[in-house]
Visitor: 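This is the structure I want to talk about, given as structure tokens.
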Protein chains: 2
Amino acid sequence: MSDENYQSLDEETLFLVSQTFKALADPTRIRILHLLFNQEMSVSNIAQQLDLNQSNVSHQLRFLKNLRLVKYRRDGKTIYYSQDDEHVMKILQQSIDHATHH
Amino acid sequence: MSDENYQSLDEETLFLVSQTFKALADPTRIRILHLLFNQEMSVSNIAQQLDLNQSNVSHQLRFLKNLRLVKYRRDGKTIYYSQDDEHVMKILQQSIDHATHH
DNA sequence: ATAATACGTGAACACATATTCATATTATAA
DNA sequence: TTATAATATGAATATGTGTTCACGTATTAT
């Protein structure tokens with residue numbers, strides 16, 4: 001591609017991409033998503049596994065849910081969260097592998 | 001993988017991964033990296049193309065350089081920056097494509 | 001040496017964000 | 001209805017971050 005027909009990024013794309021990476025830029029959210037890689041899990045179970053308080057986990061899950069990176073289902077009083085974006089989860093897995101083998 | 005032998009992330013990996021995504025979590029840095037996708041470019045040229053002041057671009061480039069996402073070469077008074085991490089640039093490109101076709 | 005050009009750096013500021021605390025909501029059980 | 005359990009939410013706070021300003025450093029030209 002030459003300099004003349006360089007395609008700059010539109011605002012909407014820029015915002016969406018940066019928001020998605022922002023979700024992956026925090027250690028707590030990475031740990032949560034990593035837990036959900038091949039299983040669904042309740043809020044309290046996530047909190048227990050990662051030694052975080054419940055409120056913190058709820059806040060982070062809301063963040064991820066707003067970006068449609070996770071989804072949930074209710075069963076009685078318990079709410080189970082699971083992944084909802086294969087592309088992002090694949091990128092996360094790749095990056096963890098890449099960082100580990102270094 | 002069962003619950004029992006779930007492999008949790010070590011601190012070092014967690015930090016490295018989150019730092020890398022943090023680099024991609026800011027619109028300005030995304031625009032800079034996008035500019036450098038298939039060409040090297042001087043600091044002032046980047047600033048001009050993206051309508052940013054030179055100091056801002058320098059700060060962001062230092063951030064990216066510390067993470068070894070970009071490298072530079074000097075030619076007289078001018079310093080040319082270019083990409084230095086194929087894996088990250090590939091992830092960025094994929095994510096831009098994914099966001100664009102949506 | 002002096003001036004001019006390109007880039008880097010530290011401080012300061014405004015703003016965003018992660019976490020905690022207290023409390024509200026929702027659903028089950030007694 | 002009352003109590004208990006699971007989760008969500010809003011406020012508060014501490015810390016992090018992006019940008020700008022003023023100035024410093026490095027290189028070239030005169």
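Chain identifiers are assigned alphabetically (A, B, ...) following the order of the sequence lines, protein sequences preceding nucleic acid strands; residue numbering begins at 1 within each chain.
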Visitor: Could you tell me how far apart B:D75 (CG) and D:dT27 (P) are, to the nearest whole angstrom?
Guide: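 After rounding, the gap between these two atoms is 12 Å.
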Visitor: Rounded to whole Å, please give me the gap between CG in B:L61 and C1' in C:dA6.
Guide: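 That distance rounds to 13 Å.
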Visitor: How do A:D26 and A:G76 order along DNA chain C: which one's closest nucleotide is nearer the 5' end?
Guide: A:D26
Visitor: Is A:S55 touching bases, backbone alone, or none of the nucleic acid, heavy atoms closer than 4.0 Å?
Guide: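 Base contact - A:S55 has a heavy atom under 4.0 Å of at least one base atom.
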Visitor: Does a nitrogen or oxygen in the side chain of A:S58 sit under 4.0 Å from OP1 or OP2 of D:dT9?
Guide: no
Visitor: Find the distance A:I46:CD1 to C:dT19:P and express it as a whole number of Å.
Guide: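 These atoms are roughly 14 Å apart.
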Visitor: Give B:T78 one of three labels, base, sugar-phosphate or nothing, depending on what nucleic acid heavy atoms sit under 4.0 Å from its own.
Guide: sugar-phosphate
Visitor: Is the NZ or CZ atom of A:R74 positioned over A:Y80's six-membered ring, under 6.0 angstrom from the centre and within 45° of the axis?
Guide: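 A:R74 over A:Y80 ring: no.
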Visitor: Can you tell me if B:R29 touches the phosphate of D:dT17, counting only side-chain N or O atoms and a distance under 4.0 Å to OP1 or OP2?
Guide: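 False: B:R29 side-chain N/O out of range (4.0 Å or more) of D:dT17 OP1/OP2.
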Visitor: Given C:dT17, is OP1 or OP2 found less than 4.0 Å from the side-chain N or O atoms of A:K22?
Guide: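 Yes, within the criterion.
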Visitor: Answer yes or no: is there a donor N or O on one side and an acceptor on the other, between the side chain of A:E40 and the main chain of A:L36, under 3.5 Å?
Guide: no
Visitor: To the nearest angstrom, how far is B:N56 atom CG from C:dG10 atom P?
Guide: 16 Å
Visitor: Does the D:dT20 base have a donor-acceptor partner in the side chain of B:H59 within less than 3.5 Å?
Guide: yes
Visitor: What is the distance, to the nearest angstrom, from the NZ atom on B:K77 to the C1' atom on C:dG8?
Guide: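 Taking atom C1' of C:dG8 as the reference, NZ of B:K77 is at 16 Å.
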Visitor: Please list, one pair per line, the donor and acceptor atoms closer than 3.5 Å that link side chains of residues 15-24 of chain A to other protein atoms, with sequence neighbours excluded.
Guide:
from  : atom 1 : to    : atom 2 : distance (Å)
A:S18 : OG     : A:L14 : O      : 3.0
A:S18 : OG     : A:F15 : O      : 3.0
A:T20 : OG1    : A:L16 : O      : 2.9

Visitor: So, does B:R62 get its side chain near the phosphate of C:dT9, meaning an N or O under 4.0 Å from OP1 or OP2?
Guide: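 It does, given that an N or O in the side chain of B:R62 lies less than 4.0 Å from OP1 or OP2 of C:dT9.
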Visitor: For A:Y81, which contact category applies under a 4.0 Å heavy-atom criterion: base, sugar-phosphate, or nothing?
Guide: sugar-phosphate
Visitor: Want to settle it: does A:Q19 or A:V57 sit nearer the 5' end of DNA chain C, counting the closest nucleotide to each?
Guide: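 Its nearest nucleotide being more 5', the pick is A:Q19.
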Visitor: From C:dT19, D:dG18, C:dG8, pick the nucleotide closest to the side chain of A:T28?
Guide: C:dT19
Visitor: Expressed as a whole number of angstroms, how long is the span from A:Q48:CD to D:dA5:P?
Guide: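 Whole-Å distance recorded here is 15 Å.
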Visitor: When the distance from CG of A:N53 to C1' of C:dA18 is rounded to whole Å, what number comes out?
Guide: 11 Å
Visitor: Check the distance between C:dT9's C1' and B:N66's CG and give it to me in whole angstrom.
Guide: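 In whole Å, C:dT9 C1' and B:N66 CG are 13 Å from each other.
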Visitor: Can you tell me if A:T100 and A:D97 form a side-chain donor-acceptor pair at under 3.5 Å?
Guide: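 Note: A:T100 and A:D97 side chains miss the donor-acceptor criterion.
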Visitor: Answer whether the closest heavy-atom distance between the side chains of A:L33 and A:Q83 falls below 4.5 Å.
Guide: no
Visitor: Are OP1 or OP2 of D:dA5 and a side-chain N or O of A:Q54 less than 4.0 angstrom apart?
Guide: no
Visitor: Select base, sugar-phosphate, or nothing to describe what B:F63 touches, counting heavy atoms under 4.0 Å on all strands.
Guide: nothing
Visitor: Under 30°, 30 to 60°, or over 60°: which ring-plane class applies to A:H87 and B:H98, parallel, tilted or perpendicular?
Guide: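 If you compare the ring of A:H87 with that of B:H98, the planes turn out parallel.
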